[in-house]
Structures are given as structure tokens and as C-alpha cells.
Amino acid sequence: MARVFVLNGVNLGALGTRRPEVYGTRTLGDIEGELREHFPGVDLNFRQTDYEGEFVGWIRESAGADGLVVNPGAWSHYSYAIHDALEAIAVPKVEVHLSNIHAREDWRRTSVISPAVDAVVAGMGSYGYRVAIQYVLEH
Ligand code: DQA
């Protein structure tokens with residue numbers, strides 16, 4: 001069975017109540033449930049943390065998996081530590097953002113982690129996770 005890590009970073013645990021006009025009303029648990037239903041044959045390692053060091057540790061742990069999907073939240077815009085952790089592992093990896101970061105504030109338009117991943121999905125809501133998981137499974 002393919003093993004895919006789906007790692008969610010800072011503030012993503014607040015989905016559901018956090019800016020619903022931007023992120024929708026579904027919780028991270030709802031999204032996880034939807035993904036488990038959609039990919040019954042995949043061993044999804046779905047996690048969230050507000051601690052950057054823990055997130056970096058999980059990225060390292062995913063080196064032994066078949067794929068990695070990350071939504072680091074606001075860390076995407078400034079964390080070179082997450083960039084370097086991603087750069088160091090060879091698994092297929094995709095960056096996901098629920099919202100279209102290019103249509104929001106200027107500071108969100110840059111993701112410093114994008115050069116370290118294979119692909120980026122933004123603005124598709126939870127469907128973006130599905131696309132990203134499908135991609136890593138096929139690579
Ligand atoms: C986000 C976009 C980031 O700019 C923001 O800080 C988040 C969520 C997204 O999924 O759209 O926390 O990564």
C-alpha cells in the first residue's frame with residue numbers, strides 16, 4: 001500500500017472558524033475524512049502542527065514514504081528551514097494552498113518553499129489536496 005504524508009502547518013487546525021470567506025467552513029478533520037474516503041487504498045499519514053520544528057521533523061520522516069503533500073500555512077512565505085528540509089528529501093512532493101495566494105496580499109504571493117517542491121496547487125480548496133495526492137501517487 002502506498003504511503004503518503006499530508007502535513008499541515010501553522011493555523012490550519014483552526015479551519016472551519018478561521019476566515020470562512022477565504023478558507024470555507026470545513027474543518028481540517030472534514031478534509032482528512034474526505035481524503036480518506038477518496039483514497040481508500042492509500043496509507044495517508046495526515047497531520048497538523050503549530051510548531052515549526054515538529055513540522056521539519058515530519059518532513060524528514062516522510063523521506064521513507066512514497067509521497068509528500070505539504071501545506072505549511074504562513075510558514076510558506078518565510079521559512080527557509082522548511083525549504084531546506086524539503087530540498088533534502090527525494091520523494092515526490094507537492095505544496096498545497098487552499099486559497100489562491102496569488103490573488104491575496106502581496107506578502108502571500110511569494111512562497112519561499114516552492115523551489116524545493118515538484119509542483120504547487122493553490123486556490124482549489126480541499127480539492128487541491130486530492131490533486132496533489134494523485135500526482136505523488138503517479139510519480
Ligand atoms: C494557506 C495560505 C497562507 O498564506 C496562509 O497563511 C494559511 C493558509 C492556504 O492554504 O491557503 O495559513 O496556506
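In what follows, residues are counted from 1 in the order of the sequence shown. None of the values given here were measured: they were computed from a predicted structure. Just so you know, ligand 1 is whichever comes first in the structure, and atom 1 is the first atom listed for that ligand.
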Salt bridge between R47 and E61, side-chain N to carboxylate O under 4.0 Å? yes
To the nearest 0.1 Å, how far is atom 5 (C) of ligand 1 from its closest protein heavy atom, and which atom is that? R108 NH1, 3.2 Å
Has the side chain of N11 got a donor or acceptor atom that lies under 3.5 Å from a matching backbone atom of A74? no
Is it the case that ligand 1 has an N or O less than 3.5 angstrom from some N or O of N71? yes
Report yes if some heavy atom in the side chain of E52 is under 4.5 Å from a heavy atom in the side chain of I82; otherwise report no. yes
Would you kindly specify which portion of I101 sits under 4.0 Å from ligand 1, judged on non-hydrogen atoms: side chain, backbone, both or neither? side chain
Distance to 0.1 Å, residue and atom name: give those for the protein heavy atom nearest to atom 8 (C) of ligand 1. Y23 OH, 3.5 Å
R36/E34 ion pair, N-O < 4.0 Å: no
When you measure from atom 3 (C) of ligand 1 to every protein heavy atom, which one gives the shortest distance, and what is it? H77 NE2, 3.5 Å
Does K93 use its side chain to pair, donor to acceptor, with the backbone of V69 at less than 3.5 Å? no
Are W58 and L12 connected in the hydrophobic side-chain network, where two residues link if heavy atoms are under 4.5 Å apart? no
What's the shortest distance from atom 1 (C) of ligand 1 to any protein heavy atom, and which residue and atom give it? H97 ND1, 3.6 Å
Nearest protein heavy-atom contact for atom 9 (C) of ligand 1: which residue, which atom, what distance? L98 N, 3.3 Å
Compare every heavy atom of L68 with every heavy atom of L7, then report the nearest pair and how far apart it is. CD1-CD1, 3.7 Å
For atom 11 (O) of ligand 1, which protein heavy atom lies nearest, and how many Å away is it? S99 OG, 2.6 Å
Just heavy atoms, cut-off under 4.0 Å: does R18 contact ligand 1 by side chain, backbone, both, or neither? side chain
